[in-house]
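Report on one structure; see the data block that follows.
Note that the structure is a prediction, hence the values are computed from the model and not measured.
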Amino acid sequence: MNQTNLKFLEDQIKYTGFGETLQPALKEKMEKGETEFTLKHETAFEKSTLLSELSFKKSDQTDLYFFNSYKASLSKEGTDQSVQQIFYIGKDNNFTMKEAFNLLEGRAVNKDLVNKEGQLYNAWTKLDFKNSEPDSNFKMVHYHQNYGYNLEAALEKHSIKELETPKFKEDLMNSLKKGNIQSVTVVVNGEERKRFIEANPQFKTVKMYDSDMLRINDRESKEQKKSETESQGTSKEVKKGKQDQAEPDEEEERKKKQSRGHRASV
């Protein structure tokens, strides 16, 4: 067995998101010299289970094995149905297990990808569950940079407290780019409330949910932001009005002092 090849595959599995639990089974299969084999991995999320089947094949010319793909099947609690997708492993354009989960959940993932000409580009990727490829995979829809989706601008349309701190803002955006649903704190009528959001590149927005994961429509969310902005504007006007009122008083006091000074000199 090629030890260098084993170490490479162990690292490849680990950094694709499957951890180290499959290492003993991988070593056993390679020691047996099987031409091709699969390893199974199961991950439980809050209300879903992701079953992955990793496929390996030995080279026809050498003793090297290759991790070619994994089939991810997502099952949700309370249903017998599942959705699945084969994610191919190569030099570029690979998706981690968590990203695969998010894609199968219907969310978008932001990736740096490489096209057929070897050129690097950035795009949001989402599965099209209504259309399939010849290999039965769902088609992948890409929203490229020139599509015009600006995640930061979409977030700033909402009164999200985490955006006020650079570190929290960066962490929030990075999490959303991986396709995660992220918890945030929003200010509604002066009160802080917990919300959940996800990126929505197709419509150049973010989807927002309440604490029970019920969708909050964009109109309601925008009205909250508008109300907050108007409130801040009113506060500034009141402050300015007080300053304007104070200025005549100060001018009057100055005139009185001048008058007293004049009488004293006389």
E46 atom CD, over 12 foreign heavy atoms within 6.0 Å = no
Under the side-chain contact (heavy atoms from CB on, under 4.5 Å) criterion, do I13 and L26 qualify, and how do the steps go?
-> CA-CA 10 Å; I13 293 171; L26 173 66; 3.8 Å; yes
Given side chains that start at C-beta, do those of K98 and K178 come closer than 4.5 Å, heavy atoms only?
-> no
Please tell me if the side chains of L176 and L155 come closer than 4.5 Å, counting only heavy atoms from C-beta onward.
-> yes
Okay, side chain of Q81, backbone of S75: is any donor-acceptor separation there less than 3.5 Å?
-> no
Side-chain (E156) to main-chain (A153) donor-acceptor, under 3.5 angstrom = no
Are Y70 and F18 close enough that their ring centers fall under 6.0 Å?
-> yes
Side chain of T165, backbone of F168: donor and acceptor closer than 3.5 Å?
-> no
Using a strict 4.0 Å threshold on nitrogen-to-oxygen distance, state whether K27 and E10 make a salt bridge.
-> no
T62 side-chain N/O to L64 backbone N/O, donor-acceptor pair under 3.5 Å | yes
Around K204, counting heavy atoms of other residues, nucleotides and ligands shown, do more than 12 lie under 6.0 Å from its NZ?
-> yes
Is the closest side-chain heavy-atom distance between R107 and I181 below 4.5 Å?
-> yes
Mark yes or no: K139 above the aromatic ring of F129, with NZ or CZ under 6.0 Å from the six-membered ring centre and no more than 45 degrees from the axis.
-> no
Can any side-chain N or O of N68 pair as donor or acceptor with the backbone N or O of Y88 at less than 3.5 Å?
-> no
So is K111 actually on top of F95's ring, under 6.0 Å and inside 45° of the axis?
-> yes
Please indicate whether K169 has more than 12 foreign heavy atoms, meaning atoms of other residues, nucleotides or ligands, lying under 6.0 Å from its NZ.
-> yes
So do W124 and V109 actually touch side chain to side chain, heavy atoms under 4.5 Å?
-> no
Within the distance-only criterion (no hydrogens, no angle test), does the side chain of R215 pair as donor or acceptor with the backbone N or O of Y209 below 3.5 angstrom?
-> no
Give a yes or no answer on whether the side chain of N180 reaches the backbone of Q182 with a donor-acceptor pair at less than 3.5 Å.
-> no
Any side-chain heavy atom of F66 sitting closer than 4.5 Å to one from K57?
-> no
Answer yes or no: is there a donor N or O on one side and an acceptor on the other, between the side chain of Y149 and the main chain of H144, under 3.5 Å?
-> no
Strictly by modelled atom types, are E77 and S48 linked by a side-chain donor-acceptor pair under 3.5 Å?
-> no
Of Y65, F8, F37, which is the lone residue that meets ring pair (Phe, Tyr, Trp, His ring centres under 6.0 Å) with F56?
-> F37
Backbone N or O of I86 within a donor-acceptor pair of the N137 side chain at under 3.5 Å?
-> yes
Worked verdict on K58 versus E36 for salt bridge (charged side-chain N to carboxylate O under 4.0 Å, His left out) | CA-CA 6 Å; K58 188 177 182 181; E36 53 185 306; over 6 Å; no
F45, CZ atom: more than 12 neighbouring heavy atoms under 6.0 Å | yes
E28 with K32: basic N within carboxylate O range, under 4.0 Å = yes
Is a side-chain donor-acceptor pair under 3.5 Å present for D171 with N174?
-> no
E42 side chain to T49 main-chain N or O, any donor-acceptor pair under 3.5 Å?
-> no
